[in-house]
Amino acid sequence: MPLRAVFLGFLLLASGVVTAGDAGVPERLELTKVSERVYSAIGATAPGTYENHGHNNNLSFVVTDNGVVVMNGGDNYLLARALHHSIRSVTDKEVQYVVNENAQGHAMLGNSYWRDNGVPIIAHETAIEEFREHGDIKLAAMRNRNKEKAEGTYVAVPDIGFSDQYVLDMGDVTIELRYFGPGHSPGDIALWIPQDRLLITGDLGFHQRLLAVFDDTDTGAWIDSFDRMSQLNPQTVIPGHGEPASLDIITKETKGYLVFLRNEVKEILERGGGLDEAYAIDQSQWSYLDTFEELAAKNAGRVYQHLEFDYF
């Protein structure tokens, strides 16, 4: 660990500002062992809240001969520190890289902790630009939600960007960071371990909770990107949210939902229907998924607004 990071750590501990366990954030996060080298702290399949400390996505890591690679910076400084304590509970190897799956706050705001520890941070170039432009807004929203649990967090833009693929040679294993095209959020990427056929989809893959369609989500391109990702034919899949699952399950709850919703909206548009009909689409077949009540109608409305210009 760089001398600067060690010195800063002593200062923080002395001041009592950002020690793990402060503000009710856990000392460690519970881990799921996915394979001999991969672990994941599975987040809540719910919106980020004060109660869940913003941990509503999966924070995963890979233990290699040359050190640890972390997937997602975390929602805030204290949460990232709790993840680091969890990593230290299973290995004494140093964290060599942190990868951000996209530019959402719960992927990048915890970068501040990793930056203070001298760890290089990697993301897609589009995600870096998004976070550079809107990181302050994301930080303000997180502080408003997390209150004292936001202590220590600041905007730390990733150091390393790439366009299509970034390969990490970690000694006993090669890790590929892959961009398959637009999807859920700007700069969505996946982490692929070819020799283990293990895929961390980031927010290109959902199950257990209903996916969200944002203003900048391209649902048509997401389907295409998902198909390209699926050609890897992984044996083990860690989605952006929820427990590890098979590719078939992830496909049903991600591509299946996107295709369903787009087809329903297209039918409304083809007969000249309005936005109110989109909000009323019967999505009950997906009601068993968490966040259904919060997102279903909003998703339909956004898909309608995205597609309506194709029918003028």
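The chain is numbered in sequence order, starting from 1. Because only heavy atoms are used, hydrogens play no part in the values below, and waters and symmetry mates are left out as well, while side chains stay in.
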(message) Would you say that I238 contacts Y39 through its side chain, given a criterion of any heavy-atom pair below 4.5 Å between the two side chains?
(response) no

(request) Could you check whether the rings of H106 and H241 sit parallel, tilted or perpendicular, using 30° and 60° as the cut-offs? (result) tilted

(request) Rounded to the nearest 0.5 Å, what's the gap from CZ on F214 to CZ on R302? Could you check? (result) 7.5 Å

(request) Please list all pairs passing the salt bridge (charged side-chain N to carboxylate O under 4.0 Å, His left out) test where one or both residues lie in residues 269-286, with sequence neighbours left out. (result) R271-E277

(message) If hydrophobic clusters are built by linking Ile, Leu, Val, Met, Phe, Trp and Tyr wherever their side-chain heavy atoms come under 4.5 Å apart, do L307 and I268 end up in the same one?
(response) yes

(request) Taking the side chain as every heavy atom from C-beta outward, state whether P244 and I42 have any pair of such atoms under 4.5 Å apart. (result) yes

(request) Hey, could you give me the CG/CE distance between N72 and M108, rounded to the nearest 0.5 Å? (result) 9.5 Å

(request) I would like to know whether H55 and D75 meet side chain to side chain contact (heavy atoms under 4.5 Å, CB included); could you show each step before the answer? (result) CA-CA 7 Å; H55 184 204; D75 179 75; over 6 Å; no

(message) Side chains of H184 and W222, heavy atoms from C-beta outward: is any pair under 4.5 Å?
(response) yes

(request) Report yes or no: does R228 contribute a side-chain atom to a donor-acceptor pair with the main-chain N or O of F180 at less than 3.5 Å? (result) yes

(request) Identify the heavy atoms of P234 and W192 that sit nearest to each other, and give their distance. (result) CB-CZ3, 3.7 Å

(message) Could you check whether any side-chain heavy atom of Q96 comes within less than 4.5 Å of a side-chain heavy atom of L168, counting everything from C-beta outward?
(response) no

(request) Return the minimal non-hydrogen interatomic distance between P239 and T201, and the atom names on each side. (result) CA-OG1, 3.3 Å

(request) Would you check if E308 and L269 make a side-chain contact, meaning some heavy-atom pair closer than 4.5 Å? (result) yes

(message) Is it the case that the side chain of Q208 and the backbone of E243 share a donor-acceptor pair, with hydrogens and angles ignored and the cut-off at 3.5 Å?
(response) yes

(request) Just say parallel, tilted or perpendicular for the rings of F162 and H124, cut-offs at 30° and 60°. (result) perpendicular

(message) Applying side chain to side chain donor-acceptor pair (under 3.5 Å) as the test, list every pair that has at least one member in residues 253-264; sequence neighbours left out.
(response) T219-R262, D227-K255, E253-Y288, Y257-Q283, Y257-N299

(request) Establish, from distance only, whether the side-chain atoms of Y97 and N66 form a donor-acceptor pair under 3.5 Å. (result) no

(message) With a 4.5 Å cut-off on side-chain heavy-atom distances among I, L, V, M, F, W and Y, is there a chain of contacts connecting V70 to L191?
(response) no

(request) Report yes or no: do M170 and M71 belong to one cluster of Ile/Leu/Val/Met/Phe/Trp/Tyr joined by side chain heavy-atom distances under 4.5 Å? (result) yes

(request) Would you indicate whether the side-chain heavy atoms of Q104 and D203 approach each other to under 4.5 Å? (result) yes

(request) I would like to know whether N111 and N100 meet side chain to side chain contact (heavy atoms under 4.5 Å, CB included); could you show each step before the answer? (result) CA-CA 9 Å; N111 287 352; N100 295 156; 2.8 Å; yes

(message) Would you say that more than 12 heavy atoms from the other residues, nucleotides or ligands in this model lie under 6.0 Å from the NZ of K298, or not?
(response) no

(message) Between V68 and L79, is there shared hydrophobic-cluster membership here, with clusters defined by ILVMFWY side-chain heavy atoms closer than 4.5 Å?
(response) yes

(request) Could you check if a side-chain atom of F61 sits within less than 4.5 angstrom of a side-chain atom of V90, using non-hydrogen atoms only? (result) yes

(message) With a 3.5 Å distance limit and no angle check, can you tell me whether D188 reaches the backbone of L204 through a side-chain donor-acceptor pair?
(response) no

(message) Using 30° and 60° as the class boundaries, would you call the ring planes of H84 and W114 parallel, tilted or perpendicular?
(response) tilted

(request) Taking D172 for its side chain and T64 for its backbone only, find out whether a donor-acceptor pair lies under 3.5 Å. (result) no

(request) Would you please test T236 and D196 for side chain to side chain contact (heavy atoms under 4.5 Å, CB included) and show each step? (result) CA-CA 8 Å; T236 306; D196 296 346; over 6 Å; no

(message) Check E294 with R209, please: is the shortest side-chain N to carboxylate O separation under 4.0 Å?
(response) no

(message) Can a donor-acceptor pair be found, under 3.5 Å and without considering hydrogens, that links the side chain of H85 to the backbone of I87?
(response) no

(message) A side-chain contact here means heavy atoms from C-beta on lying under 4.5 Å apart; do Y113 and L83 qualify?
(response) no

(message) Can you give me the closest heavy-atom contact between A127 and P186, atom names plus distance?
(response) CB-O, 3.8 Å

(request) For D169 and G171, indicate whether the former's side chain and the latter's backbone hold a donor-acceptor pair under 3.5 Å. (result) yes

(message) Test your reading of the model: is there a side-chain donor-acceptor pair from R197 to the backbone of L232, 3.5 Å cut-off?
(response) yes

(request) For residues H207 and G242, report the shortest heavy-atom separation together with the two atoms involved. (result) NE2-C, 4.0 Å

(request) Look at the side chain of S35 and the backbone N and O of V38, then say whether any donor-acceptor pair between them is shorter than 3.5 Å. (result) yes

(request) Kindly give the heavy-atom pair with the smallest separation between L210 and L295, and that separation in Å. (result) O-CD1, 3.4 Å

(request) Could you state whether V259 and V303 fall into the same hydrophobic cluster, counting links through intermediate Ile, Leu, Val, Met, Phe, Trp or Tyr residues with side-chain heavy atoms under 4.5 angstrom apart? (result) yes

(request) Among H134, E129, E130, find the one that has a side chain to side chain donor-acceptor pair (under 3.5 Å) with R132. (result) E129

(message) Looking at every heavy atom in both R28 and S86, which two are closest together, and how far apart are they?
(response) CB-OG, 3.5 Å

(message) For K149, is there any backbone N or O sitting under 3.5 Å from a side-chain donor or acceptor partner on N146?
(response) no

(message) Quick check with a 6.0 Å cut-off and a 45 degree axis cone: is K147 positioned over the face of Y50's six-membered ring?
(response) yes

(message) Please check: side-chain N/O of N52 versus main-chain N/O of G54, any donor-acceptor pairing under 3.5 Å?
(response) yes

(message) Before you tell me yes or no, could you show the steps for L78 and H53 under side chain to side chain contact (heavy atoms under 4.5 Å, CB included), namely the whole-Å CA-CA distance, both residues' side-chain angles and the distance that decides it to 0.1 Å?
(response) CA-CA 9 Å; L78 291 174; H53 329 293; over 6 Å; no

(request) Supply the atom-to-atom distance L211 CG to L258 CG, rounded to the nearest 0.5 angstrom. (result) 5.0 Å

(message) Please report the interatomic distance CD1(I122) to CD1(I128), rounded to the nearest 0.5 Å.
(response) 9.5 Å

(message) Rounded at 0.5 Å granularity, tell me how far CZ in R178 sits from CD1 in I200.
(response) 14.0 Å

(request) State which residues pass side-chain contact (heavy atoms from CB on, under 4.5 Å) with Q195; sequence neighbours excluded, sorted by chain then number. (result) R37, V173, I193

(request) Drop me the distance from N56's CG to D290's CG, to the nearest 0.5 angstrom. (result) 11.5 Å

